[in-house]
S.K.: 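Provided herewith is a single structure, encoded as structure tokens, for subsequent inquiry.
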Amino acid sequence: MPAQKIDSGHQDTVHDVSMDYYGKRLATVSSDQTIKIIGVSNSASQHLATLTGHQGPVWQAAWAHPKFGSLLASCSYDGRVIIWKEGNQNEWSQAHVFDDHKSSVNSIAWAPHELGLCLACGSSDGNISVFTARQDGGWDTSRIDQAHPLGVTSVSWAPSSAPGALVGSGLVDPVLKLCSGGCDNTVKVWKPYNGIWKMDCFPALQMHTDWVRDVAWAPNLGLPKSTIASASQDGKVIIWTVAREGDQWEGKILNDFKTAVWRVSWSLTGNILAVADGNNSVTLWKESVDGDWQQVTTVEP
């Protein structure tokens with residue numbers, strides 16, 4: 001599909017762009033306090049809806065898996081997380097508003113669909129909340145209090161299949177794990193024990209020297225290891241890997257970009273990493289056979 005420029009229609013900085021499961025629609029969020037839904041095809045784009053309800057800059061949007069219907073979550077500086085539901089085509093309403101956090105909610109992520117309808121949220125109040133939909137339409141809430149006491153910047157779920165498991169084998173319980181990044185310069189991995197979330201990496205993953213801006217857990221597709229990428233204000237992207245459950249995570253610097261790195265995102269197969277940095281460039285990286293990471297291309301703006 002050829003590159004195309006899409007006018008978001010926002011009146012202020014755009015902070016996030018999220019593509020739906022089928023690649024047909026984008027959700028964009030902005031400091032103008034709105035969310036825009038944009039339809040995209042090979043040749044054109046069209047504005048479908050504007051969602052209003054937040055009272056501060058909107059930082060991120062995330063589409064739920066279509067098996068749960070047409071749902072979109074958004075998080076904002078106003079401390080709220082809104083679940084939007086599409087009724088008739090392009091008609092959106094607020095299905096639920098979470099106001100558990102006392103300051104900016106910086107990051108949201110839906111769990112793999114095998115775990116049910118489940119949303120993790122990271123906030124500047126230092127806490128991570130996990131909201132899980134019940135059959136009766138209500139939501140259960142669990143929390144990781146003071147996950148990063150100086151503030152949580154990013155959350156990402158582990159793939160639901162264990163490393164090395166045959167994809168879709170369905171014989172083992174799905175993996176339930178989260179990773180997070182924060183203003184304490186660390187990356188942490190979390191797992192619930194008897195319903196209570198606890199740290200699953202000791203010590204916290206510490207190689208960054210400034211705020212961690214983003215974390216992304218890679219899809220594993222049968223690979224025998226778990227992989228997390230983290231991006232930091234310090235200019236570095238670090239690739240963290242662990243071979244077996246219970247082993248120590250090991251970090252390796254992918255590159256020093258010499259400017260703040262804002263976002264990292266994996267391809268669906270987990271073998272290519274996209275990196276967005278403070279020089280307004282997006283680069284794609286791939287691991288070579290000998291384990292070194294090499295830049296394969298630059299995405300032209």
Side-chain angles (χ1 to χ4, degrees), residues 5-20 25-38 45 47-64 71-86 92-110 119-131 147-156 180-184 210-216 230-233 259-265 274-282 301:
K5 207 165 194 171
I6 295 170
D7 180 6
S8 71
H10 284 295
Q11 306 299 310
D12 205 335
T13 307
V14 175
H15 297 292
D16 191 31
V17 180
S18 179
M19 187 168 265
D20 76 353
R25 293 186 294 181
L26 297 177
T28 61
V29 303
S30 166
S31 281
D32 68 10
Q33 308 185 9
T34 70
I35 298 136
K36 304 265 189 193
I37 310 293
I38 301 165
S45 63
H47 178 267
L48 301 176
T50 298
L51 314 187
T52 56
H54 282 297
Q55 285 153 13
V58 189
W59 300 131
Q60 277 189 13
W63 297 89
L71 292 175
L72 183 73
S74 61
C75 65
S76 166
Y77 181 79
D78 65 12
R80 296 190 302 165
V81 174
I82 300 178
I83 310 285
W84 307 86
K85 184 177 178 65
E86 186 180 26
W92 294 83
S93 60
Q94 296 183 21
H96 204 89
V97 178
F98 299 107
D99 49 14
D100 301 49
H101 290 284
K102 298 299 169 257
S103 53
S104 176
V105 180
N106 302 317
S107 179
I108 48 174
W110 291 106
L119 186 73
C121 314
S123 169
S124 291
D125 62 15
N127 304 331
I128 294 170
S129 53
V130 179
F131 303 113
H148 298 267
L150 298 175
V152 183
T153 56
S154 51
V155 288
S156 178
S180 61
C183 304
D184 56 4
D210 207 335
W211 289 17
V212 176
R213 286 290 183 182
D214 198 23
V215 288
S230 61
S232 168
Q233 191 76 25
T259 181
V261 189
W262 300 113
R263 297 297 291 272
V264 279
S265 177
V275 178
D277 68 41
N279 286 330
N280 293 338
S281 61
V282 176

S.K.: For Gly53 and Gln94, work out which heavy atoms get closest and say how close.
M.R.: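 Result for this residue pair: CA-NE2, 3.6 Å.
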S.K.: Just by modelled atom types, is the Gln233 backbone N or O under 3.5 Å from a matching donor or acceptor in the Asp210 side chain?
M.R.: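 Not confirmed, Asp210 side chain does not pair with Gln233 backbone.
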S.K.: Within this structure, what is the OG-CG distance for the pair Ser31 and Asp12, rounded to the nearest 0.5 Å?
M.R.: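 Spacing of OG (Ser31) from CG (Asp12) equals 4.5 Å.
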S.K.: Under a plain distance cut-off of 3.5 Å, with no hydrogens placed, do Asn279 and Ser281 share a side-chain donor-acceptor pair?
M.R.: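 Not at all, the side chains of Ser281 and Asn279 share no donor-acceptor pair under 3.5 Å.
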S.K.: Run Leu119 and Ile83 through side chain to side chain contact (heavy atoms under 4.5 Å, CB included) and show every step you take.
M.R.: CA-CA 10 Å; Leu119 186 73; Ile83 310 285; 3.9 Å; yes
S.K.: I need the minimum non-hydrogen distance between His148 and Ser180, along with the two atoms involved.
M.R.: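 Result for this residue pair: NE2-OG, 2.7 Å.
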S.K.: Look at the side chain of Ser154 and the backbone N and O of Ser107, then say whether any donor-acceptor pair between them is shorter than 3.5 Å.
M.R.: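 No; zero donor-acceptor contacts below 3.5 Å.
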S.K.: At what distance, to the nearest 0.5 angstrom, does CD1 of Ile38 lie from OG1 of Thr50?
M.R.: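 Nearest 0.5 Å value for the CD1-OG1 distance: 9.0 Å.
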S.K.: Specify the closest pair of heavy atoms between Ile35 and His54, including all atoms of both residues, with the distance to one decimal.
M.R.: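 So the minimum-distance heavy-atom pair works out to CD1-CD2, 4.0 Å.
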S.K.: If I compare all heavy atoms of Gly278 with all of Trp262, which pair ends up nearest, and what's the gap?
M.R.: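 Heavy atoms of Gly278 and Trp262 come nearest at CA-NE1, 3.4 Å.
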S.K.: Taking all non-hydrogen atoms of both residues, which atom of Ala216 and which atom of Val264 are closest, and how far apart?
M.R.: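 In terms of heavy atoms, the two residues are closest at CB-O, 3.6 Å.
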S.K.: If we check side-chain contact (heavy atoms from CB on, under 4.5 Å) with Leu51, which of these qualifies: Ile82, Leu72, Thr34, Val29?
M.R.: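 With Leu51 as partner, side-chain contact (heavy atoms from CB on, under 4.5 Å) holds for just one option, Leu72.
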S.K.: Say you draw a straight line from SG of Cys75 to CZ of Arg80; how long is it, rounded to the nearest 0.5 Å?
M.R.: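 Reported value, rounded in 0.5 Å steps: 12.5 Å.
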S.K.: Quick one: ring pair (Phe, Tyr, Trp, His ring centres under 6.0 Å) partners of His96, sequence neighbours excluded?
M.R.: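 Ring pair (Phe, Tyr, Trp, His ring centres under 6.0 Å) check on His96 returns Phe98, Trp139.
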S.K.: Compare every heavy atom of Ser30 with every heavy atom of His10, then report the nearest pair and how far apart it is.
M.R.: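 Answer, listing the atom of His10 first, then Ser30: ND1-CB, 3.2 Å.
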S.K.: Quick one: does Ser18's side chain have a donor or acceptor within less than 3.5 Å of a partner on Ala62's backbone?
M.R.: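 Checked: no pair found.
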S.K.: Taking atom types as modelled, is there a side-chain donor on Trp59 or Ser104 under 3.5 Å from an acceptor on the other?
M.R.: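 Yes, because at least one side-chain N or O of Trp59 sits under 3.5 Å from a partner of the opposite role on Ser104.
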S.K.: Would you call Ser123 and Val152 a side-chain contact if the rule is heavy atoms closer than 4.5 Å?
M.R.: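 Of all side-chain heavy-atom pairs linking Val152 with Ser123, none is under 4.5 Å.
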S.K.: Run the salt-bridge test on Arg25 and Asp20 with the 4.0 Å N-O cut-off and return the result as yes or no.
M.R.: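 Asp20 and Arg25: salt-bridged.
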S.K.: State which residues pass salt bridge (charged side-chain N to carboxylate O under 4.0 Å, His left out) with Asp16; sequence neighbours excluded, sorted by chain then number.
M.R.: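 Partners of Asp16 by the salt bridge (charged side-chain N to carboxylate O under 4.0 Å, His left out) criterion, ordered by chain and then number, come out as Arg263.
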S.K.: Please tell me if the side chains of Asn127 and His101 come closer than 4.5 Å, counting only heavy atoms from C-beta onward.
M.R.: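 Asn127 reaches His101 side chain to side chain.
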S.K.: Enter the distance from Trp84:CH2 to Trp63:CH2 here, rounded to the nearest 0.5 Å.
M.R.: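 Answer rounded to 0.5 Å: 12.5 Å.
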S.K.: At what distance, to the nearest 0.5 angstrom, does CZ of Arg213 lie from CG of Asn106?
M.R.: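 The distance works out to 9.0 Å.
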S.K.: Give, for atom SG of Cys121 and atom CD of Gln60, the distance between the pair rounded to the nearest 0.5 Å.
M.R.: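 It is 10.0 Å, given to the nearest 0.5 Å.
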